[in-house]
Visitor: 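Structure provided below as structure tokens; questions to follow.
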Amino acid sequence: MLRLDINLLFTAANLLIWFLLIRKFLFQPVNTVISKREEAIASQYEKVQKLQEEAAEEKDRCTQFQAQIESEKAAAVTEAKENARTEYDRILTEAREKAEQIVEASRKEAELEKARIVGKAEQEIRSVLMDAAVRSMQSGAEDHALYDQFLTKAGETHAE
């Protein structure tokens, strides 16, 4: 059985002293190390959270920047198309004007050439008429031969 004597009291006191010593010198440093590790892990976790938040903000900023670049690109393409359309219309207008000028110049040149040819033909006819008149004055009897000669010079043949 259990006896209550002084040894039991010393054993209990001994256990209490050992418990206090172990708690003071063993558990307290271990608990301190554990709490420091927990703090380090918590601070690392906080840093990771901050980095994730910063990464998310950077991603949002990059997305906004990319959207802005896309909108600027679309605006630049639209402006380039408008400029190209304007330039196309200007070139087309200039080409039409030049074509009209060329047609007009050709028409005027054709009219001048026609007038020159008509004038030359009129001169030719006048000279033939003058020759015919001179010959008719010189010889009155040869009218029929003179008429045939006139028609030959004028480009017609006497088919009668």
Side-chain angles (χ1 to χ4, degrees), residues 1-131 150-157 159:
M1 287 230 148
L2 197 49
R3 292 184 289 161
L4 233 27
D5 62 353
I6 195 102
N7 278 336
L8 184 60
L9 189 61
F10 282 128
T11 304
N14 197 10
L15 281 174
L16 184 62
I17 292 171
W18 275 110
F19 173 74
L20 292 175
L21 287 175
I22 288 174
R23 186 173 173 199
K24 175 76 174 165
F25 295 112
L26 182 63
F27 287 126
Q28 192 174 11
V30 169
N31 285 338
T32 306
V33 169
I34 289 173
S35 67
K36 285 182 181 178
R37 292 266 174 125
E38 285 176 350
E39 289 174 8
I41 290 171
S43 68
Q44 289 292 338
Y45 183 73
E46 289 175 8
K47 286 180 184 177
V48 168
Q49 289 288 20
K50 286 181 184 177
L51 287 175
Q52 284 179 341
E53 290 172 3
E54 289 175 5
E57 290 174 4
E58 189 67 29
K59 181 181 177 185
D60 291 341
R61 205 170 345 142
C62 288
T63 304
Q64 290 172 353
F65 185 68
Q66 186 176 8
Q68 181 183 5
I69 287 174
E70 289 296 324
S71 66
E72 288 176 4
K73 181 177 83 169
V77 167
T78 303
E79 182 180 350
K81 284 181 180 179
E82 289 174 3
N83 290 342
R85 175 61 63 186
T86 304
E87 186 66 18
Y88 171 78
D89 291 342
R90 185 188 63 80
I91 290 172
L92 191 62
T93 303
E94 286 180 5
R96 285 183 182 151
E97 289 174 359
K98 285 183 181 179
E100 289 174 3
Q101 289 174 355
I102 290 171
V103 167
E104 188 63 30
S106 296
R107 188 175 296 129
K108 286 180 181 178
E109 187 177 322
E111 287 175 6
L112 288 175
E113 185 67 21
K114 179 183 173 184
R116 188 182 61 79
I117 289 172
V118 168
K120 191 174 181 182
E122 285 176 356
Q123 260 185 348
E124 194 74 30
I125 291 171
R126 283 186 192 135
S127 69
V128 168
L129 286 175
M130 285 297 269
D131 285 345
F150 172 73
L151 289 178
T152 305
K153 282 190 174 183
E156 295 180 14
T157 57

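What you see is a predicted model; the values in this text were computed from it and never measured. Values below: all heavy atoms of this structure, side chains included; hydrogens, waters and symmetry mates excluded.
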Visitor: If you measure from CG on Leu21 to CZ on Phe27, what distance do you get to the nearest 0.5 Å?
Guide: 12.5 Å
Visitor: Provide the full list of side chain to side chain donor-acceptor pair (under 3.5 Å) pairs with a residue in residues 8-23, sequence neighbours left out, each pair given once.
Guide: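 Every side chain to side chain donor-acceptor pair (under 3.5 Å) pair that includes a residue of residues 8-23, provided the two are not neighbours, is Asn14-Trp18.
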Visitor: Applying side chain to side chain contact (heavy atoms under 4.5 Å, CB included), can you list everything that pairs with Arg37, at least two apart in sequence or on another chain?
Guide: Val33
Visitor: Enumerate the residue pairs fulfilling salt bridge (Lys or Arg N to Asp or Glu O under 4.0 Å) with a member in residues 96-108, sequence neighbours excluded, ordered by first and then second residue.
Guide: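 Residue pairs passing salt bridge (Lys or Arg N to Asp or Glu O under 4.0 Å), neighbours aside: Glu104-Arg107.
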Visitor: Taking only residues two or more places apart in sequence, or in another chain, which ones meet Thr32 in a side chain to side chain contact (heavy atoms under 4.5 Å, CB included)?
Guide: Gln28, Lys36
Visitor: Going by side chain to side chain donor-acceptor pair (under 3.5 Å), name the residues that satisfy it together with Glu111, two or more places apart in sequence or in a different chain.
Guide: none
Visitor: Could you measure the distance from the CD atom of Gln123 to the CE atom of Met130? Nearest 0.5 Å is fine.
Guide: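 Interatomic distance, Gln123 CD to Met130 CE, rounded to 0.5 Å: 12.0 Å.
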Visitor: To the nearest 0.5 Å, what is the distance between CD (Glu46) and CD (Glu53)?
Guide: 10.5 Å
Visitor: Taking side chain to side chain contact (heavy atoms under 4.5 Å, CB included) as the definition, give me every residue that meets it alongside Glu54, ordered by chain and number, with sequence neighbours left out.
Guide: Leu51
Visitor: The criterion is salt bridge (Lys or Arg N to Asp or Glu O under 4.0 Å); which residues satisfy it with Arg61, sequence neighbours excluded?
Guide: Glu58
Visitor: Could you tell me which residues satisfy side chain to side chain donor-acceptor pair (under 3.5 Å) with Glu72, sequence neighbours excluded, listed by chain and number?
Guide: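 By the side chain to side chain donor-acceptor pair (under 3.5 Å) rule, Glu72 matches Gln68.
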Visitor: For Glu38, what residues pass the side chain to side chain donor-acceptor pair (under 3.5 Å) criterion, not counting sequence neighbours?
Guide: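 Not a single residue meets the side chain to side chain donor-acceptor pair (under 3.5 Å) criterion with Glu38.
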Visitor: Side chain to side chain contact (heavy atoms under 4.5 Å, CB included) with Glu113: which residues, sequence neighbours excluded?
Guide: Arg116, Ile117
Visitor: Mind checking side chain to side chain donor-acceptor pair (under 3.5 Å) for Tyr88 and listing every partner two or more places apart, or none if nothing turns up?
Guide: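 Tyr88: no side chain to side chain donor-acceptor pair (under 3.5 Å) contacts found.
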Visitor: Considering only residues two or more places apart or on different chains, which pairs with a residue in residues 82-91 satisfy salt bridge (Lys or Arg N to Asp or Glu O under 4.0 Å)?
Guide: Glu87-Arg90, Arg90-Glu94
Visitor: Should we count CD of Glu109 as having more than 12 external heavy atoms under 6.0 Å?
Guide: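 At most 12 heavy atoms, drawn from other residues, nucleotides or ligands, come within 6.0 Å of this atom.
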